[in-house]
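First comes the structure, then the notes that go with it.
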Amino acid sequence: EAQTTDVIIIGGGGAGLAAAVSAHENGAQVILVEKMPRLGGNTIISGAAYNAADPDRQQSIEMTDLEKETVEAIIAEVQDDELVKEWQATLAEEWEAYQASGETYLFDSPSLHKLQTYNGGDKQADPVLVDQFGDQAYEAIEWLEGHGMEFNDHMFTVLGGLWSRAHKPAKPLGTGYVDTLTEYFEEHSDEMQYFLNTEATDLIIEDDKVVGVVVSSNGEDVELRANNAVIVAAGGFGANVEMREEFNEHWPSLKDIKTTNQTGATGDGIRLGQQASANLVGMEHIQLLPMGDPETGSLSGNIEQGVQDRIFVNSEGKRFVNEGERRDVMTEALFDQEDAMMWTIVDQHSYPTGDTKNNFNETIDELIEAGRAYKGDTLEELAEQIGVDPENLVATVEEFNQAVEGEIEDPFGRTLFDNKLDTAPFYAAARKPTVHHTMGGLQINKAAQVLNEAGEPIEGLFAAGEVTGGIHGSNRLGGNALADIMVYGRIAGANAANAGSGE
Ligand code: ADP
């Protein structure tokens, strides 16, 4: 027998949970299905950085001359799209006002965020989606805070994030997002339910309208019917090796590359959308990170605390890339190194004490104990431990420190600096390329409606999160996924709650 509710959500990661809460806030009863034994998806195991221009928190960061040059280059860049040109015009005005103010803190604004997002994805994204993303990123932080979530005051530049606009939750990894939204669920359990170990296998489509979902639970098929709409929030396909092979165009074969993803990131949402003739966009854009654990591919054991305070060296102890670059650029450079392996090097600035934690809730002492990170009281000692030439490592760090001081231009064009690497103890950890995120997916419009090949909304079907395409272009900036899934999760939830009513 079929169970009926207002809005059905497929997937219990960040996008699905945000959509569920938002749908309920807009008056809908909700059922969410999650195929894994727990909620959270890739969201809960992520570094959890959330990008948004922040009118308060960024005031404690000083702006450098190189960052000023970056803003000016972005204002001057030739653009074709009319909406993108509008962002530039807005940015130019904001930048002028900032300069006139005599302030010295880090400049930021939604316009700069949009432009960096769009340029950083090779202008392949849909500007209309990026526009709304940039406008609502900060508002969604306030919404989460309104539901009790806490963020640290300290903001940072996350790997491939290009700017210090990443918020870090007070709770470890992505648990802050998932716990906050799950608590809402539990407080409204009379009108909201979630089912674990419950996999959506088919959409129910009647007269070209999506009216429900077939789910499989304990080997049994059950029909769920939606009065209003279905939201697909089933995440990406980073853990699906066949799909990676099917769509990858950019990278060498990804068959043997490990992934940061949880095992449920198999692209089911893409296949479900296709049952309703959804159009797919950007499927060939697969994101790798240069930051995988060499054994497992996971982000665990990553010792960087932020982009400014670490360098990458290869097995010769030499730098090989601008470590403040886009994720695709850094990973491409890593593939060219011996064994596609590198060492992240940090110093005491990143770990004032042995029990300081990384972004994955691990202390540096714990990682050293487990043989996953190394510590030296001098750079030579560190080099001995990791088997790289000590003279090379010392020379590499000396040159980097000169670039930090502004005495030389960085040989790799790096623009993001803070402290020199000059304070013992020094630390190192090995990293390899790993599959992290899939930029492509179901095409949506501003309302988060899924579009068919003719560009028309499919009745009764919405989508949000990594399952969608078009927001990140060819390369997603670090810290933009959490903002994306919260912004579009909220929009999908609200519009699904209001869909089909009174018709
Ligand atoms: P996002 O960041 O877009 O929310 P996540 O990876 O965090 O993506 O969450 C997606 C969730 O969807 C995961 O928990 C995943 O297990 C779940 N999921 C994937 N396919 C299905 C399916 N067929 N039925 C139910 N849940 C699914």
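Indexing begins at 1, ligand by ligand and atom by atom, following the structure's order. Counting from 1, the numbers follow the sequence of the chain as shown. Computed over heavy atoms, backbone and side chain alike; hydrogens, waters and symmetry mates excluded.
- The aromatic rings of His147 and Tyr184 stand perpendicular to each other, their planes meeting at an angle above 60°, with 30° marking the opposite boundary.
- For Glu199, the side-chain contact (heavy atoms from CB on, under 4.5 Å) partners are Lys35, Thr201, Asp268, not counting sequence neighbours.
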Report, one line per pair, each donor and acceptor closer than 3.5 Å where one atom sits in a side chain of residues 464-471; sequence neighbours left out.
residue: Glu466; atom: OE2; partner: Thr438; partner atom: N; Å: 2.9
residue: Glu466; atom: OE2; partner: Thr438; partner atom: OG1; Å: 3.3
residue: Thr468; atom: OG1; partner: Gly465; partner atom: O; Å: 2.8

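- Here the straight-line distance linking atom CG of Asp484 with atom CE of Met439 works out to 12.0 Å at 0.5 Å rounding.
- If you look at ligand 1, the protein residues with a non-hydrogen atom under 4.0 Å away are Ile10, Gly11, Gly12, Gly13, Gly14, Ala15, Val33, Glu34, Lys35, Met36, Gly40, Gly41, Asn42, Thr43, Thr198, Glu199, Ala200, Ala233, Ala234, Gly235, Gln262, Gly264, Asp268, Gly465, Glu466, Ile485.
- In this structure Ser189 satisfies the side-chain hydrogen bond (donor to acceptor under 3.5 Å, both in side chains) test with no other residue, sequence neighbours excluded.
- Taking the six-membered ring where tryptophan is involved, the planes of Tyr118 and Trp87 are perpendicular, since the angle between them exceeds 60° and thus also 30°.
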